[in-house]
Amino acid sequence: MQKILVFTDIHFLPEGETIIGIDPAERFAQGLAHAQQNHPDAARIVITGDLTHHGTAPEYERLHAELSKARIPVSLMLGNHDRRGPFRAIFPDTPQTPDGFVQDVIDLDDTRLILLDTLNEDADDTHSGLLCDTRLDWMETAIAGAGRRRVILFMHHPPILTGFGGMDWIGLKSRRQLAARLEGHDTVHQIVAGHIHRTIQGGFATGAGNRIPTAIFKSPCHQMPMALGFQDPSLSIDEPGAYGLLLLTPEGIVVHTEDFTLPPAAGVCYDH
């Protein structure tokens, strides 16, 4: 059994700035320390985008300094709050495709992790996500190369509608194109995303009745309030910060979430 830890929407800001009174860097540092203390055997940490709040060099520099404390390998992805130019300047060694997209393939024993870049810098709103034909072609090649390994797709923008009107409006615009490309690829066992700032489970329909389990994780920092249907994507609430945990077992992929800012339990009760 192997573990993959998933952080998303960490929204680093320059020193001294906060989001609804929360310092995202402090929250991430707390989450990273918790993860490394409790899951030092994890194979990798994947951070699925919105690394920063404004996509500026000082924010990426602060993240770079914090990641120097990581004792587990870390893979970085981009979200709608990121910008490729400043990111590459601070993290020049991060893998990218020949077309300049921050995408990567990581092979474990029996599982292939495929990291996709849904940042849509050319969009009018800049916050919706896109997987263009170039990125989808790369994805299909990566899936085909998995051999007998099962595949987990990671992306910032989830491919499912969540019921949060504002967030769905700035969601993945190429859902249908992604579904068409995934139809028939039965090696894809799981999709992992962020963007919504809530813990959500769903299934992504790819045609012919097939649905790929889809897990969306909360942020270590600020969360989306449980306000289904609201059209404002900027709503935020100070609920417990969290990270995700994937257990890769021979029987399948098990998804957990850890609210690491909750106080430690006073004791353990064994009487059920």
Side-chain angles (χ1 to χ4, degrees), residues 3-40 42 44-83 86-87 90-91 94 127 154 156-158 162 164 167 192-200 215-227 232-246 255-265:
K3 295 178 183 177
I4 303 296
L5 304 178
V6 183
F7 285 81
T8 190
D9 298 279
I10 59 178
H11 285 267
F12 265 56
L13 284 166
E15 187 102 27
E17 295 186 26
T18 64
I19 299 174
I20 62 169
I22 302 169
D23 182 342
E26 290 182 1
R27 277 288 185 89
F28 176 74
Q30 184 182 355
L32 179 62
H34 184 282
Q36 294 190 140
Q37 179 179 354
N38 290 277
H39 308 288
R44 183 163 295 269
I45 296 171
V46 178
I47 308 180
T48 64
D50 279 5
L51 306 175
T52 66
H53 200 54
H54 301 293
T56 65
E59 293 168 328
Y60 289 116
E61 289 169 351
R62 194 177 184 198
L63 173 60
H64 190 279
E66 194 59 45
L67 289 177
S68 67
K69 304 172 186 176
R71 301 187 300 274
I72 300 168
V74 177
S75 291
L76 300 176
M77 298 171 58
L78 299 183
N80 49 289
H81 280 265
D82 293 304
R83 293 296 174 263
F87 170 78
I90 307 303
F91 294 97
T94 300
H127 287 295
F154 293 79
H156 180 73
H157 295 79
T162 64
F164 292 96
M167 297 304 296
V192 174
H195 190 50
I196 312 296
H197 292 239
R198 290 211 68 88
T199 303
I200 303 170
I216 303 169
F217 291 115
K218 291 166 62 176
S219 166
C221 187
H222 55 298
Q223 314 305 343
M224 168 68 72
M226 192 63 183
D232 186 353
S234 65
L235 299 174
S236 298
I237 190 171
D238 183 4
E239 290 185 348
Y243 59 86
L245 170 63
L246 307 179
V255 178
H256 294 273
T257 184
E258 176 70 60
D259 289 332
F260 63 85
T261 61
L262 291 175

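In this text, all values refer to a predicted model and were calculated from it rather than measured experimentally.
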Measure from the side-chain N and O atoms of [X] to the backbone N and O of [Y], and report whether any donor-acceptor pair falls under 3.5 Å.
X      : Y      : value
Arg83  : Gly55  : no
Thr18  : Ile20  : no
Arg44  : Ile4   : no
Gln223 : Ser236 : no

For Gln37 and His34: C-alpha separation, side-chain torsions, deciding distance, then whether side-chain contact (heavy atoms from CB on, under 4.5 Å) applies. CA-CA 5 Å; Gln37 179 179 354; His34 184 282; 5.9 Å; no
Answer whether the closest heavy-atom distance between the side chains of [X] and [Y] falls below 4.5 Å.
X      : Y      : answer
Asp50  : Ile10  : no
His11  : Glu59  : no
Ser75  : Ile45  : no
Ile72  : Gln36  : yes
His156 : Asn80  : yes
Phe164 : Pro233 : no
Tyr60  : Asp82  : yes
Val6   : Phe154 : yes

Taking atom [atom1] of [X] and atom [atom2] of [Y], what is their separation to the nearest 0.5 Å?
X      : Y      : atom1 : atom2 : value
Ile200 : Thr162 : CD1   : OG1   : 5.0 Å
Ile22  : Glu17  : CD1   : CD    : 15.0 Å
Ile47  : Leu67  : CD1   : CG    : 5.0 Å
Leu262 : Glu239 : CG    : CD    : 10.5 Å
Glu15  : Glu61  : CD    : CD    : 12.5 Å

Write down the atom of [X], the atom of [Y], and the distance for their closest heavy-atom approach.
X      : Y      : answer
Thr94  : Leu76  : CG2-O, 4.2 Å
Thr261 : Pro240 : OG1-CA, 3.1 Å
Pro220 : Phe260 : CB-CZ, 3.8 Å
Ile90  : Ala57  : CG1-O, 4.3 Å
Arg62  : Ala25  : CZ-CB, 3.4 Å
Glu66  : Ala29  : OE2-CB, 3.3 Å

Does Ile19 form a side-chain contact (heavy atoms from CB on, under 4.5 Å) with Leu13? I'd like the steps, not just the answer. CA-CA 9 Å; Ile19 299 174; Leu13 284 166; 3.5 Å; yes
Once you measure the plane-to-plane angle for [X] and [Y], does it fall in the parallel (<30°), tilted (30-60°) or perpendicular (>60°) bin?
X      : Y      : answer
His39  : Tyr243 : perpendicular
Phe12  : Phe28  : perpendicular
His157 : His195 : tilted

Strictly below 4.0 Å, N to O, side chains only: are Lys218 and Asp9 in salt-bridge contact?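 Asp9 and Lys218: not salt-bridged.
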For the ring pair Phe91 and His64, is the centre-to-centre distance below 6.0 Å?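 Yes: the rings meet the under 6.0 Å criterion.
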Among His127, His197, His54, find the one that has a ring pair (Phe, Tyr, Trp, His ring centres under 6.0 Å) with His81.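 Looking at His127, His197, His54, the match for His81 under the ring pair (Phe, Tyr, Trp, His ring centres under 6.0 Å) is His127.
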Audit row: Met224, Leu235, side-chain contact (heavy atoms from CB on, under 4.5 Å) steps and yes/no: CA-CA 6 Å; Met224 168 68 72; Leu235 299 174; 4.0 Å; yes
Checking side-chain contact (heavy atoms from CB on, under 4.5 Å) for the pair Phe87/Leu51: CA distance, chi angles, key distance, verdict? CA-CA 9 Å; Phe87 170 78; Leu51 306 175; 3.5 Å; yes
